[in-house]
**Student:** 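One structure coming up, written as structure tokens, with questions to follow.
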Amino acid sequence: QVAAGVGHTVGLKTDGTVVATGANDDGQCDISEWTNIKQVAAGVGHTVGLKTDGTVIASGRDVWSQCNVEMWADIQYISAEYDHTVGIKSDGTMIATGFNFWDQCDLNWWTDIKQVATGNRHTVGLKADGTVVAVGDNNHGQCDVENWKHIQQIAAGKYYTIGLKNNGKVVVSGVNNNGQCDVESWADIRQVAAGAYHTAGLKNDRTVVAVGENYSGQSSVTSWTDIQQIALGGYHTVGLKINGTVVAVGDNNYGQCNV
């Protein structure tokens, strides 16, 4: 698995260890000693790892207590973005820590959650019945997901939310100032991912499509093939290939594309 923060990229190896490259000013890449990891997530300046025993570990920026996860247990899924971290417990309830000015961590009432996505100032949850809930900043309509149905996966950008439907089509809500929400023509999608202002979709044929901001080349993925998973940072895009190698395009000012 791969995960992408704003200035760093994280890779989970098959043996449960983790590698990272890019910005490390807050220690977000100091994860070389992590073991028994089954999922990783990356925020602006922090990295989070879900261990096989359901506990969670974190490294990096902790100004808003986004790394205060040492007491978490019985976790089955994690997400981290910007300055907050969330986890899904095995019973489908939620736990969260970090910056909460926009109430993006007020998830105590959520139940039956099977996947969660974190944006800049909002949090989105996919329920077991295919509906979606969201909390946090809604100034751009990024939390207007109450009518979504038949969703199989979600992703959250800076100020927008993406949903992948069971039929391979994509729905979106939120700001579209760079064309990042122009996904209505997409079909045969198996995974979606969102960056700050760009969106990518992994197709069933293992190629990738992307829309939105491309100033750093982060949406230039049309030549990619044999991709099994994608991750979007703020301004870069990462693809994990079927053979276990990794490709990346976009902003590389911190070496985050040196994979």
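As a basis for the values below, the full set of heavy atoms in this structure was taken, side chains included, without hydrogen atoms, waters or symmetry mates.
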**Student:** Take Asp106 and Asn100 through the side chain to side chain contact (heavy atoms under 4.5 Å, CB included) test and state the conclusion after the steps.
**Tutor:** CA-CA 8 Å; Asp106 292 347; Asn100 196 35; 3.0 Å; yes
**Student:** Please check this pair: side chain of Asp112 against backbone of Gly92, looking for a donor-acceptor N/O pair closer than 3.5 Å.
**Tutor:**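 Flag not set: sc Asp112 to bb Gly92 has no pair under 3.5 Å.
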**Student:** Does the side chain of Val238 come within less than 4.5 Å of Val247's, by heavy atoms?
**Tutor:**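 Val247 does not reach Val238 side chain to side chain.
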**Student:** Would you say the side chains of Asp53 and Asn36 form a donor-acceptor pair under 3.5 Å?
**Tutor:**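 No, no side-chain donor-acceptor pair sits under 3.5 Å.
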**Student:** Do the side-chain N and O atoms of Asn177 and Gln180 include a donor-acceptor pair separated by under 3.5 angstrom?
**Tutor:**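 A pair is found: one side chain offers a donor N or O, the other an acceptor, under 3.5 Å apart.
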**Student:** Is it possible for you to say whether Ile242 and Ile227 belong to one hydrophobic cluster, with membership spreading through side-chain heavy-atom contacts below 4.5 Å?
**Tutor:**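 Different clusters: Ile242 never reaches Ile227 through Ile, Leu, Val, Met, Phe, Trp or Tyr contacts under 4.5 Å.
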**Student:** For residues Tyr82 and Val86: do they belong to one hydrophobic cluster (side chain heavy atoms under 4.5 Å, members Ile, Leu, Val, Met, Phe, Trp, Tyr)?
**Tutor:**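 In one cluster with Tyr82: Val86, no.
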**Student:** For the backbone of Thr207 and the side chain of Asp205, can you confirm whether one donor and one acceptor N or O come within less than 3.5 Å of each other?
**Tutor:**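 Pair found, side chain donor or acceptor close to backbone of Thr207.
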**Student:** First locate atom CD of Gln39, then atom OG1 of Thr52, and finally report the distance between them rounded to the nearest 0.5 Å.
**Tutor:**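 If we round to the nearest 0.5 Å, Gln39:CD and Thr52:OG1 are 13.0 Å apart.
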**Student:** Test side chain to side chain donor-acceptor pair (under 3.5 Å) on Thr118 and Ser79 and set out the steps.
**Tutor:** CA-CA 6 Å; Thr118 44; Ser79 182; 2.8 Å; yes
**Student:** Within a radius of less than 6.0 Å around CD of Glu33, do more than 12 heavy atoms belonging to other residues, nucleotides or ligands occur?
**Tutor:**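 It does not: Glu33 CD has 12 such atoms or fewer within range.
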**Student:** Check whether any side-chain N or O of Asp137 sits under 3.5 Å from a backbone N or O of His122 as a donor-acceptor pair, and report yes or no.
**Tutor:**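 Judged by distance alone, no pair lies under 3.5 Å.
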**Student:** Between atom SG of Cys181 and atom CD1 of Ile162, what is the distance when rounded to the nearest 0.5 Å?
**Tutor:**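 One finds 5.5 Å between SG of Cys181 and CD1 of Ile162.
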**Student:** Check whether any side-chain N or O of Lys114 sits under 3.5 Å from a backbone N or O of Leu126 as a donor-acceptor pair, and report yes or no.
**Tutor:**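 Not at all, since once roles are kept as given, no pair shorter than 3.5 Å links the two residues.
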**Student:** For the residue pair Gln66 and Asp83, confirm or rule out a side-chain donor-acceptor distance under 3.5 Å.
**Tutor:**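 Short answer, yes.
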**Student:** Check the pair Tyr235, Tyr197 against side chain to side chain contact (heavy atoms under 4.5 Å, CB included), reporting the backbone distance first and the verdict last.
**Tutor:** CA-CA 8 Å; Tyr235 306 96; Tyr197 300 107; 3.9 Å; yes
**Student:** Evaluate the side-chain proximity of Gln115 to Gln153: yes if any heavy-atom separation is below 4.5 Å, no if none is.
**Tutor:**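 Side-chain contact under 4.5 Å: yes.
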**Student:** Side-chain donor-acceptor pair under 3.5 Å between Ser59 and Asp30, yes or no?
**Tutor:**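 There is no such pair between these side chains.
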**Student:** Do Ile230 and Leu164 belong together in a cluster built from hydrophobic side chains that touch within less than 4.5 Å?
**Tutor:**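 No: no chain of side-chain contacts under 4.5 Å links Ile230 to Leu164.
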**Student:** Using atom types as modelled and distance alone, determine if a side-chain donor or acceptor of Lys51 lies under 3.5 Å from a backbone N or O of Ile57.
**Tutor:**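 Between the backbone of Ile57 and the side chain of Lys51 there is no qualifying donor-acceptor contact (under 3.5 Å).
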**Student:** Kindly compute the distance separating CD1 (Ile37) from CD (Gln1), expressed to the nearest 0.5 Å.
**Tutor:**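 Ile37 atom CD1 to Gln1 atom CD measures 10.5 Å (nearest 0.5 Å).
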**Student:** Tell me whether Lys158 contacts the main-chain N or O of Gly119 through its side chain, where contact means a donor paired with an acceptor under 3.5 Å.
**Tutor:**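 Not at all, since once roles are kept as given, no pair shorter than 3.5 Å links the two residues.
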**Student:** Supply the atom-to-atom distance Lys38 NZ to Ile75 CD1, rounded to the nearest 0.5 angstrom.
**Tutor:**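 Here the interatomic distance stands at 10.0 Å.
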**Student:** Between Gln218 and Glu213, do the side chains contain a donor N or O and an acceptor N or O under 3.5 Å apart?
**Tutor:**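 Indeed, the side chains of Glu213 and Gln218 share at least one donor-acceptor pair under 3.5 Å.
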**Student:** Calculate, to the nearest 0.5 Å, the distance between atoms CD and CG belonging to Gln191 and Leu202 respectively.
**Tutor:**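 Reported value, rounded in 0.5 Å steps: 5.5 Å.
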**Student:** When you measure from the side chain of Glu81 to the backbone N and O of Ala117, does any donor-acceptor pair fall under 3.5 Å?
**Tutor:**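 Such a contact is absent between Glu81 side chain and Ala117 backbone.
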**Student:** Do Thr199 and Tyr160 get their side chains close enough for a donor-acceptor pair, meaning under 3.5 Å?
**Tutor:**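 Yes, because at least one side-chain N or O of Thr199 sits under 3.5 Å from a partner of the opposite role on Tyr160.
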**Student:** Let me check something: do Val171 and Tyr159 share a hydrophobic cluster, defined by ILVMFWY side-chain heavy atoms less than 4.5 Å apart, either directly or through other members?
**Tutor:**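 No, because Val171 and Tyr159 fall into different hydrophobic clusters, even though each may have its own neighbours under 4.5 Å.
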**Student:** Does the side chain of Thr97 pick up a donor-acceptor pair with the side chain of Thr85 at under 3.5 Å?
**Tutor:**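 No, no side-chain donor-acceptor contact under 3.5 Å.
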**Student:** For Trp186, does the CH2 atom sit with more than 12 other heavy atoms under 6.0 Å from it, leaving out its own atoms?
**Tutor:**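 Buried by this count: over 12 neighbours within 6.0 Å.
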**Student:** Has the side chain of Gln104 got a donor or acceptor atom that lies under 3.5 Å from a matching backbone atom of Val135?
**Tutor:**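 No; zero donor-acceptor contacts below 3.5 Å.
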**Student:** Are Ile154 and Leu107 grouped together when hydrophobic residues (ILVMFWY) are joined by side-chain heavy atoms under 4.5 angstrom apart?
**Tutor:**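 Cluster IDs for Ile154 and Leu107 differ.
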**Student:** Can you find a heavy atom in the side chain of Val116 that is under 4.5 Å from one in the side chain of Val124?
**Tutor:**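 Of all side-chain heavy-atom pairs linking Val124 with Val116, none is under 4.5 Å.
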**Student:** Before giving the answer on side chain to side chain donor-acceptor pair (under 3.5 Å), spell out for Asn176 and Asp182 the whole-Å C-alpha distance, their side-chain angles and the decisive distance to 0.1 Å.
**Tutor:** CA-CA 8 Å; Asn176 193 31; Asp182 296 339; 3.0 Å; yes
**Student:** What do the steps show when you test Thr237 against His198 for side chain to side chain donor-acceptor pair (under 3.5 Å), and what is the final call?
**Tutor:** CA-CA 9 Å; Thr237 301; His198 73 297; 2.8 Å; yes
**Student:** Start with the C-alpha gap between Asn108 and Met94, add the side-chain angles, then the distance that decides, and say whether side chain to side chain contact (heavy atoms under 4.5 Å, CB included) holds.
**Tutor:** CA-CA 6 Å; Asn108 292 337; Met94 303 293 302; over 6 Å; no
**Student:** So, the side chain of Asn214 versus the backbone of Ser219: is there a donor-acceptor pair under 3.5 Å, distance only?
**Tutor:**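 Side chain of Asn214 to backbone of Ser219: a pair is present.
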**Student:** Test Asn258 against Thr21 for side chain to side chain donor-acceptor pair (under 3.5 Å), laying out the working first.
**Tutor:** CA-CA 7 Å; Asn258 295 342; Thr21 186; 5.0 Å; no
**Student:** Check the pair Val56, Ile78 against side chain to side chain contact (heavy atoms under 4.5 Å, CB included), reporting the backbone distance first and the verdict last.
**Tutor:** CA-CA 9 Å; Val56 181; Ile78 54 171; 4.2 Å; yes
**Student:** Regarding Ser216 and His236, do their side chains bring together a donor and an acceptor under 3.5 Å, going by distance alone?
**Tutor:**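 No, no side-chain donor-acceptor pair sits under 3.5 Å.
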**Student:** Closer than 3.5 angstrom, by distance alone: can the side chain of Asp62 be matched with the main-chain N or O of Cys67 as a donor-acceptor pair?
**Tutor:**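 Pair found, side chain donor or acceptor close to backbone of Cys67.
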**Student:** Can you tell me how far the CE atom of Met71 sits from the OG1 atom of Thr55, to the nearest 0.5 Å?
**Tutor:**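 Between Met71 CE and Thr55 OG1, I get 11.0 Å after rounding to 0.5 Å.
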